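Labels below follow one simple rule: chain letters A, B, ... track the order of the sequence lines, proteins then strands, and each chain is numbered from 1. For clarity, every value in this text was computed on a predicted model and none was experimentally measured.
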Amino acid sequence: GAGVSQSPSNKVTEKGKDVELRCDPISGHTALYWYRQRLGQGLEFLIYFQGNSAPDKSGLPSDRFSAERTGESVSTLTIQRTQQEDSAVYLCASSLDTGEQYFGPGTRLTVT
Amino acid sequence: AQSVTQPDIHITVSEGASLELRCNYSYGATPYLFWYVQSPGQGLQLLLKYFSGDTLVQGIKGFEAEFKRSQSSFNLRKPSVHWSDAAEYFCAVSNTGGFKTIFGAGTRLFVKA
């Protein structure tokens, strides 16, 4: 596709439920990133994938968060047993080796 | 550990006035430095980047930034602000290879007529 796409654009879930967020990177981009942006705040690094290397998971806030990537394509971010503090916009980005990141529109997650 | 500080939470400038947004970073080696803009209702877009070489870099929309190693700064400038520049601006730093990226908290720019 022309850009990074994310789905769903909005997700409302009840506390305690699991959610899956999807990211389709730009074709050919070797690196893929997930960030969390709480209302009025900056971007919080969560995880990145680079080619076949082990992902850097150092930003995941708890073991309720996990992410997978299939080759150099789609990635899913899973949040188990959601909590209200998980409410945020989750942004995905992809890049070539230069590190210049192209961002998707984000998924707005609301935990009620 | 890497960190990025944007001291100004928000700035208001008049249309046509000059702009400087501050960014200070903490990093042991020579970092890769970026400025991104997030306009209301839109995604983040790269304005400019510094990897090496000339310390004054030009970006899109008339923006430029200067890397000053001695001050650990990478300030963003624009000589004449337009109303459409009102947005949130993020400075970011990453390691060589440019993967794990740390973003500053952002500076929200307001433009008054």
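Considering all non-hydrogen atoms of both residues, S95(A) and E100(A) come closest at CB-O, 3.1 Å. Closest approach of A65(B) and W35(B) over heavy atoms only: CB-CD1, 4.1 Å. For the residue pair E20(B) and I11(B), the shortest heavy atom distance occurs at O-CD1, 3.9 Å. Here the shortest heavy-atom pairing between L48(B) and G59(B) reads CB-CA, 3.7 Å. Scanning both residues, C23(A) and L32(A), for their nearest heavy atoms gives SG-CD1, 4.0 Å. The minimum heavy-atom distance between V111(B) and S14(B), with the atom names listed, is CG1-C, 4.4 Å.
For chain B, no part of Y102(A) is nearby; none of its heavy atoms comes within less than 4.5 Å. Only the side chain of L91(A) comes within less than 4.5 Å of a heavy atom in chain B; its backbone stays farther off. Neither the backbone nor the side chain of E88(B) has a heavy atom closer than 4.5 Å to any heavy atom of chain A. Only the side chain of L46(B) comes within less than 4.5 Å of a heavy atom of chain A; its backbone N, CA, C and O stay farther away. Of the atoms belonging to E44(A), not a single heavy atom falls under 4.5 Å from chain B.
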Would you list the atom pairs, donor with acceptor, under 3.5 Å between side chains in residues 103-112 of chain A and any protein atom, with sequence neighbours excluded?
from, atom 1, to, atom 2, distance (Å)
T107(A), OG1, P8(A), O, 2.5
T112(A), OG1, T13(A), O, 3.3

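F63(B) and Y89(B) have tilted rings, their planes meeting at an angle from 30° to 60° on a 0 to 90° scale. Taking the six-membered ring where the residue is Trp, Y36(B) and F103(B) present tilted rings, their angle falling between 30° and 60°.
Inter-residue side-chain proximity for L77(A) and Y90(A) is flagged as met; some heavy-atom pair is nearer than 4.5 Å.
Among the residues in residues 49-63 of chain A, those with a non-hydrogen atom closer than 4.5 angstrom to a non-hydrogen atom of chain B are Q50(A), D56(A), S58(A). For a heavy-atom cut-off of 4.5 Å, chain A lies close to no residue in residues 71-81 of chain B.
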Residues D18(A), I79(A); criterion side chain to side chain contact (heavy atoms under 4.5 Å, CB included); working and verdict: CA-CA 6 Å; D18(A) 298 351; I79(A) 309 174; over 6 Å; no
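Under the salt bridge (charged side-chain N to carboxylate O under 4.0 Å, His left out) criterion, D8(B) pairs with R22(B), sequence neighbours left out.
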